[in-house]
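Keep in mind the model is a prediction, meaning the values are calculated, not measured. Every chain is numbered from 1, with letters handed out A, B, ... down the list of sequences.
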Amino acid sequence: MTDHAQSSFVYVTYVKTSPDRLWEALIDPDFVAQYWLGNRPEADWRLGGSWKLLFPDGRIADQGEIVAFEPAKRLGIRWRNEWKPEFNAEGYSVCMMELEPVGDGVKLSVTHSIERADSQFIAAVSGGWPKILSNLKSLIETGTVVLPNKP
Amino acid sequence: MPTDDDIFRALADPSRRRLLDRLHLADGQSLGDLCAGLAMTRQAVAKHLATLEAANLVVAVRQGREKHHFINRVPINEIAERWIGKFDQPRLSALSALKRNLEGEEND
């Protein structure tokens, strides 16, 4: 119900970490695989670079290109689903991840939108994003708790 | 940063839960859209939305002249995972992999 010809969802989480560290968590493929339900990005991390998200078995889940790349601030991906024909047929969506320092942490906002009304793809990812972002938050924050307890 | 108390206090009010239900049905509504058909004043709705925003349960995005309100499912997922998550083995193994990863790093 945003615009007549757009579907979008917004997700926000606050993570107790620094913008630099959170940025690393967004682009380090091994780290991403730990919170992104096993999926792993394969990307040329620069503006205009290619981007892919691979299933654990190596098949391509999604692909596209990087449309915003401002380290520790903004990462934008032009993103198309590749594994489900109905989603693929909807074409490209845009996923924008924005980092903003707040207090002793960082506000991470993810906006995923597509230029069409009632997108099935955007509705489908709305189930996945909260899990991915909760995982990311807990991985980073628990990590900072785990370290001092090193035996 | 919003605390757990902010989230649970925001959810404790039936009018605010009703606003979340309406956003769950149709996301991205303006204040005007949300007021339609509710027996609440515009000021009351605005105040409840501000509380929901402060708790990170609603995110307001300015698009042109209007502010659109989105239900943010991340804190709600965290509430669920708080008591369900321990049964989620893949996450536990992810955490131990992270621990190994971090503890292997000397300079951070």
Side-chain angles (χ1 to χ4, degrees), chain A residues 1-3 6-16 18 21 24-25 28 30-31 33-38 56 96 101-113 118 122-123 126-147 149-151, chain B residues 1-4 6-7 22-30 32-34 36 53-64 66-82 84-86 88 90-106 108:
Chain A
M1 199 154 164
T2 45
D3 279 330
Q6 200 194 41
S7 307
S8 76
F9 279 108
V10 180
Y11 313 89
V12 174
T13 188
Y14 290 81
V15 187
K16 275 191 186 144
S18 68
R21 202 174 162 95
E24 275 306 307
D28 177 335
D30 291 333
F31 195 87
Q34 291 177 70
Y35 65 80
W36 207 308
L37 318 173
M96 197 61 74
V102 176
D104 59 348
V106 185
K107 178 183 177 185
L108 172 65
S109 310
V110 176
T111 309
H112 203 158
S113 47
D118 304 317
I122 293 297
S126 75
W129 275 118
K131 291 192 189 104
I132 292 164
L133 293 181
S134 300
N135 281 354
L136 169 61
K137 176 183 165 72
S138 108
L139 267 174
I140 292 181
E141 292 184 352
T142 313
T144 62
V145 171
V146 169
L147 259 181
N149 294 340
K150 190 168 158 181
Chain B
M1 295 210 276
T3 64
D4 285 355
D6 295 329
I7 295 170
R22 289 179 65 127
L23 289 175
H24 180 57
L25 279 177
D27 219 358
Q29 297 188 60
S30 65
D33 296 331
L34 282 166
E53 270 185 67
N56 194 29
L57 291 162
V58 163
V59 179
V61 177
R62 192 165 281 286
Q63 286 166 345
E66 290 209 302
K67 225 168 138 184
H68 293 271
H69 300 86
F70 292 84
I71 180 171
N72 181 26
R73 294 164 173 86
V74 182
I76 298 163
N77 185 61
E78 277 155 18
I79 291 169
E81 288 198 344
R82 178 166 175 170
I84 296 168
K86 74 168 180 173
D88 195 347
R91 279 182 72 225
L92 293 180
S93 47
L95 279 176
S96 35
L98 171 73
K99 183 176 156 77
R100 281 198 304 278
N101 188 4
L102 288 175
E103 291 179 352
E105 284 174 14
E106 291 305 318
D108 195 35

**Request:** Compare every heavy atom of B:Arg73 with every heavy atom of A:Ser126, then report the nearest pair and how far apart it is.
**Result:** O-CD, 4.0 Å
**Item:** Heavy-atom side-chain contact between A:Lys137 and B:Val74 under 4.5 Å
**Value:** no
**Fill in**
Minimal heavy-atom distance between B:Asn77 and A:Pro130, with the atoms involved, is ND2-O, 3.2 Å
**Request:** Please state whether the side chain, the backbone, both or neither of B:Ile76 comes within less than 4.5 Å of a heavy atom of chain A.
**Result:** neither
**Item:** Shortest non-hydrogen contact between A:Val10 and B:Val59, atoms and distance
**Value:** CG1-CG1, 3.6 Å
**Item:** Residue part contacting chain B, namely of A:Asp104, when any heavy atom lies under 4.5 Å
**Value:** both
**Message:** Can you tell me how far apart CE (B:Met1) and OG1 (A:Thr13) are? Round to the nearest 0.5 Å.
**Reply:** 9.5 Å
**Shortest non-hydrogen separation from A:Ser8 to B:Phe70 and the atoms involved** = O-CE2, 3.4 Å
**Prompt:** Rounded to the nearest 0.5 Å, what separation is found between the CD atom of A:Gln6 and the NE2 atom of B:His68?
**Reply:** 9.0 Å
**Request:** Pick whichever of B:Ile71, B:Asn72, B:Val61 has the most heavy-atom pairs under 4.5 Å with chain A.
**Result:** B:Asn72
**Message:** Donor-acceptor check, side chain of B:Asp27 to backbone of A:Phe9, threshold 3.5 angstrom: yes or no?
**Reply:** no
